[in-house]
Structure formats: C-alpha cells, structure tokens
Amino acid sequence: MRDPLAEPAARQTRLQTVDGIALALEEFGNVPGADIVYAHGFGQTRQAWLSCARATARAGWTSTTYDARGHGQSSWLESGDYSVDQLVDDLRQVCASRSQAPVVVGASMGGLVGIALAGQALDACRGLILVDITPRWEAAGVERILAFMRAHPEGFSSLDEAAEVIAGYLPHRAQRKSPERLGSLLIPDADGRLRWHWDPRMLESIAHDGVSHQADLMQAATRIRVPTMLISGSESDVVSESTIAEFLHLVPHARHAVVEQATHMVAGDENTRFAGLVQRFLDELPSD
C-alpha cells in the first residue's frame, strides 16, 4: 500500500528538442499511463510546481515538470530569437515523451502554450488545466508583470536583496521565498551579481509574439476537445470576468473554479486549495 505521506522520488532528465535545445525535466512518481506535465509561467522555473507535482505524485500520478527553453537549467538559444511556436513545440515533445498523452497543467505563459497545443494537436494531451490565463488577457495586468521583469537589469548583490524586491512585488504573501527557492530563480554572473535565471533576450520577443498570437489562440481554444478547467485567482488583474466569460464561450465544455484571495500567482498564493482543485479534476477524468 502506498504511503500517502512519503515523498515521491524525483528523477532529473534532459530532453533534446528537434532544434537542439536541452530541456531540463524532473519526474515525481512512476505510474505508467497516469501522466501529468506542468508548464510554468514566464520568468519562473519548474520549481514553481514542486509542491503540486509532489502532491499529485503521492496520489498516484507521474508528475513531470520542466524548465522552458531559456529558463532555469534548460538551454538558451544562441541566436536569442525566441518565439511562442518554439515553446509550443517544446511542450509537444515533452508530452510525446510520456508513457501516454498526459494532462497538461499550464500557468500564464505555460497555459497559453497549452491552449495552442490542445487546439493544434487533438491527441497531444488528455486533459488541460489553465492557471489564471485566457486567450485574451488584461493588458494592464500583463504590463505590471513585464515592468517588474524589466526592472533590476543590473541584478542583485545578494539573496536578501532579491528577497526584499520580491516581497515588495508580492506584498500579500506572509512568507518570503527561502534561499533554496530563490537559488532556482537567480544565477551568479561573472561580476558576482545575481541575475534572473532566464534569458533576458526572451522578454520583449515573447511579449510581442504573444500579443500577435491572440487571434490564433482564440481559434485554437474553439478546437479544444479534451476535458478542460480554468482556475483563476479572485484578485487577479490578468484575467477578468469578461475574459473568463469569453473563454467559457469558446470552450463550452470547460469548467471554471475561483481560488479566493489568490492573485495571478494562484499556485504560489494558495497552493493547498489549488492542489485540491487539480486533484478533483484528475479524479473526475473519464477512464480510457
């Protein structure tokens, strides 16, 4: 009998993409035919999913997290010419590497990539959970995020300084990020400064490319056929009543759940409630 309190073993692997990028993957649990793939938001790493991935692994799923290209321990593009289509292809390859079509859980950028994949390749995944993102988003909320990411191009002198900055950006969180969690977001540069663990050349190209893909994302949403759930934060400024209603019109079989007191960073703000919604979705999936 599985011990529900035991931490599932983690296995780190690398997946080579067709254009030569090495994606860093981490797997929790080992249940063939019960796969979940977690896709993080821009500027995050796979560590953003650690608690939820462990929880679903304890519940009997093989949970796979990965660093998007240009993030964390995955390769950066030498050319610096990043695009949304590359991110979609990467998710497609991660899904294809699983024992069967997985459930995809995508937050923010990862959710947009999930919409595109589920609408393009109808057999790529067996379910889709979107975390506080819809094909059309609130520009003011996204601009607030981009402004934070554009700030501090010179990096930080210490983990304490970085923690102070993040605490100012997320004032609603009572607990600061630990040095261990910060270590996955920052990397020491040659001058000793700590800089974000993502390629700064991605920021403007992906932001611009994402806006140009909005019409395509809305069309892709209409082609989604797998069970789908949107989880939004009640305090989010990235999705709104109108963008949520529009999404539910585009994907009429989708369900919607709100996590109270959560912002755009739903999984980090209220991880226990978020993980509970994910587990309920998984429990109610039709058997193959």
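Nothing here was measured: the structure is a model prediction, and the numbers come from that model.
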Counting N and O atoms only, with roles assigned by atom type, does the side chain of Tyr82 sit under 3.5 Å from a partner on the main chain of Leu77, one being a donor and the other an acceptor?
yes

For His197 and Asp67, does a side-chain donor sit closer than 3.5 Å to a side-chain acceptor?
no

Is any NZ, NE, NH1 or NH2 atom of the basic residue among Arg201 and Glu78 found under 4.0 Å from an Asp or Glu carboxylate oxygen of the other?
no

For the rings on Trp196 and Phe156, is their centre-to-centre separation under 6.0 Å?
yes

I'd like to know whether CD of Glu154 has more than 12 heavy-atom contacts from other residues, nucleotides or ligands below 6.0 angstrom.
yes

Sequence neighbours excluded, the answer for side-chain contact (heavy atoms from CB on, under 4.5 Å) partners of Arg144 is Tyr169, Asp237

Would you call Asp191 and Arg193 a salt bridge, using N to O less than 4.0 angstrom?
no

What residues form a side-chain contact (heavy atoms from CB on, under 4.5 Å) with Glu235, not counting sequence neighbours?
Thr263

What pair of heavy atoms forms the shortest contact from Ala124 to Ala101, and how long is it?
O-CB, 3.8 Å

One thing to verify: whether Arg14 and Glu26 come together as a salt bridge, which I'm taking to mean a side-chain N less than 4.0 angstrom from a carboxylate O.
no

For Gln86 and Asp90, which I'm curious about, is there any donor-acceptor pair between the side chains at under 3.5 Å?
no

So that I can tick it off, tell me whether Arg92 and Asp89 are bridged by a salt bridge, with the cut-off set at under 4.0 angstrom between side-chain N and carboxylate O.
yes

Regarding Asp132 and Ser232, is there a side-chain donor-to-acceptor distance under 3.5 Å anywhere?
no

Check the orientation of His71 and Phe42. Use parallel for under 30°, tilted for 30 to 60°, and perpendicular for over 60°.
perpendicular

